[in-house]
Amino acid sequence: MKLYQMPISHYCEKVRWMLDLKKIKHSTKNLLPGLHIAAIHKLMRKQSSGFPSTSVPVLKDQGKVIQGSDLILDYLDLLYPQPSFMPVDSELKQEVLKWEAFADQKLGPHVRRCCYYYLLRDPDAVIPMFTYKGPWYGRLLMKFMFPQLQAAMRKGMKIDQEGFNKSKAVLDEAVQTLASHLSTRQYLVDERLTRADIAVASLLAPLIRPQGYDVPWPQTLPEELTQLELEYQPVLQWVDEMYKNHRKP
């Protein structure tokens with residue numbers, strides 16, 4: 001079993017967390033942003049008649065290739081049902097799936113856009129994260145290609161003032177929803193850790209940079225990101241507690 005990923009990706013972190021919780025033996029292939037496109041295209045081209053997506057994570061196992069964090073978690077649950085992080089009760093299961101969709105739609109892309117809106121201005125901060133545990137030539141190559149990668153990311157992810165404002169508004173509403181839901185409970189669904197908690201905590205994690213994510217976070221952050229972290233307390237404190245209590249590789 002091999003996970004094709006980028007260590008910085010919070011969608012990849014979701015899968016890494018589940019692999020560790022289930023103690024599944026696997027290896028990782030850490031890809032460089034931008035250069036990952038060719039590698040993922042090669043993996044996925046036999047899976048689709050059209051032009052395949054080049055997003056990570058991708059899991060390769062026993063001749064199967066699975067792309068996308070939620071589909072990978074479904075696959076892992078099928079092969080390794082224990083320990084289980086999905087309730088047996090059908091209503092609770094649907095609630096978990098609802099929160100997973102909430103995380104994918106309301107948190108993941110918007111956390112990414114807000115963080116990169118500031119971090120892409122500082123190559124010295126992001127290059128170590130982009131190249132962490134990657135090929136030996138990663139940092140040298142990334143310094144050379146960073147201007148092109150920066151422009152491509154800004155265009156492809158709509159990382160501009162308008163995009164930031166829209167994502168910030170979505171996050172404000174999403175965090176308010178989470179804060180209300182978590183005000184009287186420790187976990188999102190049921191009274192134990194489920195895939196809902198893993199999804200939400202993983203996709204919010206870059207805003208608080210918890211231990212266990214295993215990325216060399218910058219020692220100093222743009223003041224605007226620090227302010228964002230303060231603004232989204234105590235939900236980010238809940239994320240930190242999820243990592244402290246449950247993210248133990």
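Atoms considered below: every heavy atom in the structure, side chains included; atoms not considered: hydrogens, waters and symmetry mates.
One finds the CG atom of L79 at 12.0 Å from the CG atom of D74 (value rounded to the nearest 0.5 Å). Going from atom CZ of F130 over to atom CG of L35 covers 12.0 Å, rounded to the nearest 0.5 Å. If you take CE on M18 and OG on S202, they are separated by 9.0 Å, rounding to the nearest 0.5 Å. Considering OG1 of T28 and CD of Q5, their distance stands at 5.5 Å, rounded to 0.5 Å. With rounding to the nearest 0.5 angstrom, the CG atom of L182 is 10.5 Å from the OG1 atom of T177. To the nearest 0.5 Å, the span separating SG on C114 from CD on E224 amounts to 11.5 Å.
Contact of the L119 side chain with the M129 side chain is registered, since non-hydrogen atoms from C-beta on lie closer than 4.5 Å. You'll find the side chain of L149 reaches within 4.5 Å of the side chain of M153, heavy atoms only. Side-chain atoms of M142 and V126, non-hydrogen and from C-beta on, never get closer than 4.5 Å to each other. By the 4.5 Å heavy-atom criterion applied to side chains, K133 and D214 are counted as neighbours. Contact annotation: the side chain of S27 never approaches that of L3 to less than 4.5 Å [non-hydrogen atoms, C-beta and beyond]. Taking 4.5 Å as the limit, every side-chain heavy atom of D61 sits out of range of all side-chain heavy atoms of H26. With contacts defined as side-chain heavy-atom distances shorter than 4.5 Å, the pair V96/F85 does not qualify. No side-chain heavy atom of R195 sits less than 4.5 Å from a side-chain heavy atom of W99.
Around atom CG of L140, no more than 12 heavy atoms belonging to other residues, nucleotides or ligands sit under 6.0 Å away. Shown here is K60, whose NZ atom has no more than 12 heavy atoms of other residues, nucleotides or ligands within 6.0 Å. With a 6.0 Å radius and a threshold of 12 heavy atoms from other residues, nucleotides or ligands, E91 has its CD atom at or below the threshold. Around atom NZ of K143, no more than 12 heavy atoms belonging to other residues, nucleotides or ligands sit under 6.0 Å away.
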Check against side-chain contact (heavy atoms from CB on, under 4.5 Å), I8 and W217: CA-CA 9 Å; I8 186 60; W217 302 112; 3.9 Å; yes
Stepwise side-chain contact (heavy atoms from CB on, under 4.5 Å) check, F146 with I127: CA-CA 8 Å; F146 186 78; I127 286 177; 4.1 Å; yes
side-chain contact (heavy atoms from CB on, under 4.5 Å) evaluation trace for Q67 with I40: CA-CA 9 Å; Q67 184 177 45; I40 299 302; 3.6 Å; yes
Verdict with reasoning, K93 to D89, per salt bridge (charged side-chain N to carboxylate O under 4.0 Å, His left out): CA-CA 6 Å; K93 182 177 181 178; D89 180 86; over 6 Å; no
D172 and K168: CA distance, side-chain angles, deciding distance, salt bridge (charged side-chain N to carboxylate O under 4.0 Å, His left out) verdict: CA-CA 6 Å; D172 287 347; K168 177 62 165 56; 2.9 Å; yes
Verdict with supporting geometry, L207 and V239, side-chain contact (heavy atoms from CB on, under 4.5 Å): CA-CA 10 Å; L207 292 175; V239 172; over 6 Å; no
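The shortest heavy-atom contact between V15 and P57 is CG2-CG, 3.8 Å. For S167 against H110, the heavy-atom pair with the smallest separation is OG-ND1, 2.9 Å. Minimum heavy-atom separation, P216 to P128: CG-O, 3.7 Å. Of all the heavy atoms in Q237 and I208, the pair that sits closest is N-CD1, 4.2 Å. Shown here for M1 and K25, the closest heavy-atom pair between the two residues is CB-O, 4.0 Å. The two residues L221 and L225 come nearest to each other via the heavy atoms CD2-CD1, 4.5 Å.
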What side-chain donor-acceptor pairs closer than 3.5 Å can you find for residues 185-194, not counting sequence neighbours?
from: R185; atom 1: NE; to: Y187; atom 2: O; distance (Å): 2.7
from: R185; atom 1: NH2; to: L188; atom 2: O; distance (Å): 3.4
from: R185; atom 1: NH2; to: D190; atom 2: O; distance (Å): 3.3
from: Y187; atom 1: OH; to: H246; atom 2: NE2; distance (Å): 2.9
from: R192; atom 1: NH1; to: S84; atom 2: O; distance (Å): 2.9
from: T194; atom 1: OG1; to: A196; atom 2: N; distance (Å): 3.2
from: T194; atom 1: OG1; to: D197; atom 2: OD2; distance (Å): 3.4

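K22 and D77 are joined by a salt bridge, as a carboxylate oxygen and a charged side-chain nitrogen come within less than 4.0 angstrom of each other. Comment: K106 does not engage E173 in a salt bridge, judged by the lack of any side-chain N to carboxylate O separation of less than 4.0 angstrom. R247 has a carboxylate O that lies under 4.0 Å from a charged side-chain N of E13, or vice versa, which qualifies the two as a salt bridge.
Connection of L31 to Y132 is not established within any shared hydrophobic cluster, with ILVMFWY side chains joined at heavy-atom distances below 4.5 Å, either directly or through further cluster members. Both V111 and F164 are assigned to one and the same hydrophobic cluster, defined by single-linkage of ILVMFWY side chains at heavy-atom distances under 4.5 Å. A single hydrophobic cluster is seen to contain both Y137 and M6, as judged by linkage of ILVMFWY side chains at heavy-atom distances under 4.5 Å, directly or through other members. Following chains of ILVMFWY side-chain contacts shorter than 4.5 Å, one can reach L141 starting from W136, so the two form part of one hydrophobic cluster. The hydrophobic clustering, which links ILVMFWY residues whose side-chain heavy atoms are closer than 4.5 Å, places Y75 and L21 together.
Here the side chain of H36 pairs a donor or acceptor atom with the backbone of G34 at under 3.5 angstrom. With H10 contributing its side chain and G108 its backbone, the two residues share a donor-acceptor pair below 3.5 Å. S9 places a side-chain N or O within 3.5 Å of a backbone atom of C12 that can act as its donor or acceptor partner.
Put simply, the residue from L178, L204, L171 that forms a side chain to side chain contact (heavy atoms under 4.5 Å, CB included) with Y232 is L171.
Between Y213 and Y243, the ring-plane angle classifies as parallel under the 30° and 60° cut-offs.
Side chains of Y117 and Q161: a donor on one and an acceptor on the other come within 3.5 Å. Remark: the Y4 side chain and the N30 side chain contain no N/O donor-acceptor pair separated by less than 3.5 Å.
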